Amino acid sequence: MDINLYNTLARKKERFKPRVPGEVTMYVCGPTVYNLAHIGNARPVVVFDVLFRLLQTQYQTVRYARNITDIDDKIITAARERNEPIEAVTGEFTQKFREDVGALGTLQPTLEPHATHNLGPMIAMVEVLLAKGHAYEADGHVLFSVTSMPNYGELSGRNLDDMLAGARVEVADYKRHSGDFVLWKPAGEEEPGWDSPWGRGRPGWHLECSAMIHEHLGLEIDIHGGGRDLIFPHHENEIAQSCCAYGGSYVRYWMHNAYIDIDGEKMSKSLGNFKTIRELLGLYRGEVLRFALLSAHYRSSLNFSKELLDQSENAINGLYNALRKVEAVQAVAPESVEQESWYAALCDDLNTPLAISALHQLVSELNKADDSDKASLKGRIMACADLMGILQSAPSDWLRGDDGGGLSAEAIDALVAARVEAKAARNYGRADEIRAELTEAGVVLEDSPSGTTWRRG
RNA sequence: GGCUCGGUGGCAGAGUGGUGAUGCAGCGGAUUGCAAAUCCGUCAACGCCGGUUCGAUUCCGACCCGAGCCUCCA
């Protein structure tokens with residue numbers, strides 16, 4: 001089945017065809033490691049994780065790189081504030097980022113290039129741009145000249161005249177055109193810096209992605225992803241640098257996710273209205289957060305509220321509840337996923353909400369199924385869940401959860417056993433008393449012909 | 001000012017030129033010692049105004065409203 005992806009550059013869905021048959025290269029803009037990642041930062045990580053899994057169902061080799069930006073003004077500021085070396089800050093938050101997104105059930109990318117490990121390729125790129133006349137030196141800086149590129153602005157649909165008209169920021173006087181952007185800037189005494197032909201300095205923001213893609217993935221990659229807010233200027237400038245330096249089209253499919261909103265407003269570090277992944281993991285399990293992130297299409301904004309999370313938790317619990325009933329059934333994986341509606345949904349520009357709805361329908365079928373059909377239904381459900389990276393726990397473990405300081409599983413088991421005895425003795429008063437006690441402790445009982453099970457509500 | 005996206009039932013959220021997903025919540029029923037879970041049934045939407053069409057929520061145009069980018073930002 002063809003995979004269709006919405007390409008920001010073409011402004012429409014296009015059939016995905018990798019440059020090299022059977023082989024895919026993908027790059028997603030990763031974190032700047034100066035503080036904890038928030039749930040908005042997690043959206044592209046989870047979305048492109050699903051794409052990574054989907055691509056692997058069709059292509060032998062998928063090389064997926066997600067960078068770590070460990071040079072940046074904000075890092076310098078954070079290190080200064082904490083009175084720690086840069087490396088301590090970047091080391092700590094790189095590690096925490098990995099833990100946080102790991103808890104969201106994401107696979108490791110194939111490559112995780114660090115900016116600080118790639119200064120050579122960056123400097124080389126600037127040299128090429130200078131040699132080709134696309135860059136100039138001014139006041140200790142090296143700047144990219146946007147007017148040297150005839151089709152500058154293609155990705156974001158802007159032209160240079162509009163930009164001049166709309167300029168809201170004071171333009172540094174060493175720039176020839178207000179849209180010119182920094183490739184290399186001088187470093188102060190106290191700041192981290194690297195020796196270069198233009199003196200000790202550090203790279204501009206956009207340079208690392210271009211240089212690392214060229215270095216690690218090649219001249220042209222298939223997919224480049226990131227948040228919508230990166231379209232301009234970040235991705236636009238990456239295109240400018242890379243195409244002018246090395247030719248080629250740089251990226252074949254540009255993909256951008258919409259953001260997470262809080263009360264209808266974009267969640268962002270500058271607005272301060274964000275929730276960190278870590279904070280949310282203290283309230284909900286990773287799979288719940290992941291499910292919430294996948295409950296809307298990646299190109300639509302998603303309002304991240306308590307209601308959303310509670311609904312997601314509810315839905316996940318319901319799915320696990322159904323799976324627990326067939327825990328003893330050995331799943332039989334489908335021979336092919338081509339006929340599955342959830343697979344078609346994911347192939348259609350990662351329509352995760354539609355895939356989730358198909359998942360619910362399968363679970364509904366499972367609830368009604370004869371025993372003879374359960375193995376294959378369970379297999380189809382799990383194939384879908386695996387591709388989305390959800391329902392990865394053993395159902396009974398998930399539903400029993402952890403005690404969180406309340407009743408232990410053993411204590412609950414004992415109470416349940418006592419209630420079963422009371423019921424057998426037709427002492428319903430006592431049985432209801434026990435259940436009330438458990439309800440109070442957040443435990444829900446389910447009686448069935450085969451016995452009583454419990455879960456934490 | 002320039003450039004983008006959006007506005008679907010109580011909530012979340014797909015999709016479509018004609019039989020109006022899915023989940024949660026609600027309502028009625030089955031089941032249950034009572035529940036829970038499950039099953040069956042049911043209510044309910046396409047911002048506003050025009051146009052095209054036999055027929056538009058879906059296409060076109062205007063309008064209203066919201067969000068984003070143009071500055072660090074997923």
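Residue numbers start from 1 in every chain, and the chains themselves are labelled A, B, ... in the order their sequence lines are given, proteins ahead of strands. Bear in mind the structure is a predicted one, so any value in this text is a computation, not a measurement.
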Quickly work out the [X] [atom1] to [N] [atom2] distance and round it to whole Å.
{"X": "A:Leu445", "N": "B:A37", "atom1": "CG", "atom2": "P", "value": "12 Å"}
{"X": "A:Glu154", "N": "B:C70", "atom1": "CD", "atom2": "C1'", "value": "18 Å"}
{"X": "A:Ile231", "N": "B:G2", "atom1": "CD1", "atom2": "C1'", "value": "16 Å"}
{"X": "A:Leu155", "N": "B:C5", "atom1": "CG", "atom2": "P", "value": "12 Å"}
{"X": "A:Ile316", "N": "B:C24", "atom1": "CD1", "atom2": "C1'", "value": "14 Å"}

From C-beta outward on [X], which listed nucleotide comes closest to its side chain: [options]?
{"X": "A:Arg158", "options": "B:G33, B:G13, B:C70", "answer": "B:C70"}
{"X": "A:Leu354", "options": "B:A74, B:G23, B:A14", "answer": "B:A14"}
{"X": "A:Phe232", "options": "B:C39, B:C69, B:G33", "answer": "B:C69"}
{"X": "A:Arg228", "options": "B:C5, B:U22, B:A74", "answer": "B:C5"}
{"X": "A:Asp229", "options": "B:A37, B:U22, B:C69", "answer": "B:C69"}
{"X": "A:Glu446", "options": "B:G23, B:G33, B:A36", "answer": "B:A36"}
{"X": "A:Ser300", "options": "B:G33, B:A14, B:C69", "answer": "B:A14"}
{"X": "A:Gln361", "options": "B:A21, B:C34, B:A74", "answer": "B:A21"}
{"X": "A:Gln311", "options": "B:A74, B:C72, B:C24", "answer": "B:C24"}
{"X": "A:His297", "options": "B:A14, B:A36, B:U22", "answer": "B:A14"}

Assign [X] to base, sugar-phosphate, or nothing according to its heavy-atom contacts below 4.0 angstrom with the strands shown.
{"X": "A:Arg455", "answer": "sugar-phosphate"}
{"X": "A:His38", "answer": "base"}
{"X": "A:Ile260", "answer": "base"}
{"X": "A:Thr439", "answer": "nothing"}
{"X": "A:Ser156", "answer": "sugar-phosphate"}
{"X": "A:Gly226", "answer": "sugar-phosphate"}
{"X": "A:Ala37", "answer": "nothing"}
{"X": "A:Asn351", "answer": "sugar-phosphate"}
{"X": "A:Arg419", "answer": "base"}
{"X": "A:Asn367", "answer": "sugar-phosphate"}
{"X": "A:Asn321", "answer": "sugar-phosphate"}
{"X": "A:Ser295", "answer": "sugar-phosphate"}

Passing option when A:Arg419 is tested against A:Asp447, A:Asp432, A:Asn427 for side chain to side chain donor-acceptor pair (under 3.5 Å): A:Asp447

On the side chain of [X], is there an atom forming a donor-acceptor pair with the base of [N] - under 3.5 Å, no angle test?
{"X": "A:Arg43", "N": "B:A74", "result": "no"}
{"X": "A:Asn314", "N": "B:G23", "result": "no"}
{"X": "A:Glu307", "N": "B:C24", "result": "no"}
{"X": "A:Lys74", "N": "B:C72", "result": "yes"}
{"X": "A:Asp447", "N": "B:C34", "result": "yes"}

Any donor-acceptor pair under 3.5 Å linking the side-chain atoms of A:Tyr250 with those of A:Glu238? yes

Within the 3.5 Å criterion, strictly below it, is a donor on A:Asp229 or A:His234 matched to an acceptor on the partner's side chain? no

Let me spell it out: for each of A:Ala42 and A:Tyr298, pick the nucleotide of RNA chain B with the closest heavy atom. Which residue's pick is nearer the 5' end? A:Tyr298

Comparing A:Glu365 with A:Asp261, nearest RNA chain B nucleotide closer to 5' gives the residue A:Glu365

[N] versus [M] - spacing of their [atom1] atoms, nearest Å:
{"N": "B:A45", "M": "B:U16", "atom1": "C1'", "result": "14 Å"}
{"N": "B:C43", "M": "B:U19", "atom1": "P", "result": "16 Å"}
{"N": "B:G15", "M": "B:C3", "atom1": "P", "result": "27 Å"}
{"N": "B:C49", "M": "B:U57", "atom1": "P", "result": "11 Å"}
{"N": "B:A30", "M": "B:A14", "atom1": "P", "result": "37 Å"}
{"N": "B:G9", "M": "B:G23", "atom1": "C1'", "result": "13 Å"}
{"N": "B:A56", "M": "B:G61", "atom1": "C1'", "result": "15 Å"}
{"N": "B:A36", "M": "B:A12", "atom1": "C1'", "result": "24 Å"}

Could you give me the CA-CA distance, side-chain angles and deciding distance for A:Tyr253 and A:His224, then say whether ring pair (Phe, Tyr, Trp, His ring centres under 6.0 Å) is met? CA-CA 6 Å; A:Tyr253 301 87; A:His224 190 138; over 10 Å; no

Take A:His235 and A:Trp254, measure what ring pair (Phe, Tyr, Trp, His ring centres under 6.0 Å) needs, and give me the verdict at the end. CA-CA 9 Å; A:His235 290 334; A:Trp254 283 97; 4.7 Å; yes

What is the pairing partner of [N], taking Watson-Crick or G-U wobble pairs with both distances under 3.5 Å in any strand?
{"N": "B:U52", "value": "none"}
{"N": "B:G66", "value": "B:C5"}
{"N": "B:U57", "value": "none"}
{"N": "B:G41", "value": "B:C27"}
{"N": "B:U22", "value": "B:A12"}

For the residue pair A:Arg285 and A:Trp398, would you count it as a cation-pi contact if the rule is NZ or CZ under 6.0 angstrom from the ring centre and within 45 degrees of the ring axis? yes

Within 45° of the axis and under 6.0 Å from the centre of the six-membered ring of A:Tyr27, does NZ or CZ of A:Arg66 qualify? no

May I ask you to verify if any side-chain N or O of [X] is less than 4.0 angstrom from the OP1 or OP2 atom of [N]?
{"X": "A:Ser364", "N": "B:C39", "value": "yes"}
{"X": "A:Lys423", "N": "B:C34", "value": "no"}
{"X": "A:Lys266", "N": "B:C69", "value": "yes"}

Search all heavy atoms of A:Met388 against all heavy atoms of A:Val50 and return the closest pair with its distance. O-CG2, 4.1 Å

Heavy atoms only: give me the nearest A:Ala422-A:Ala431 pair and the separation to one decimal. CB-N, 4.0 Å

Do the side chain of A:Glu338 and the main chain of A:Met1 share a donor and acceptor less than 3.5 angstrom apart? yes

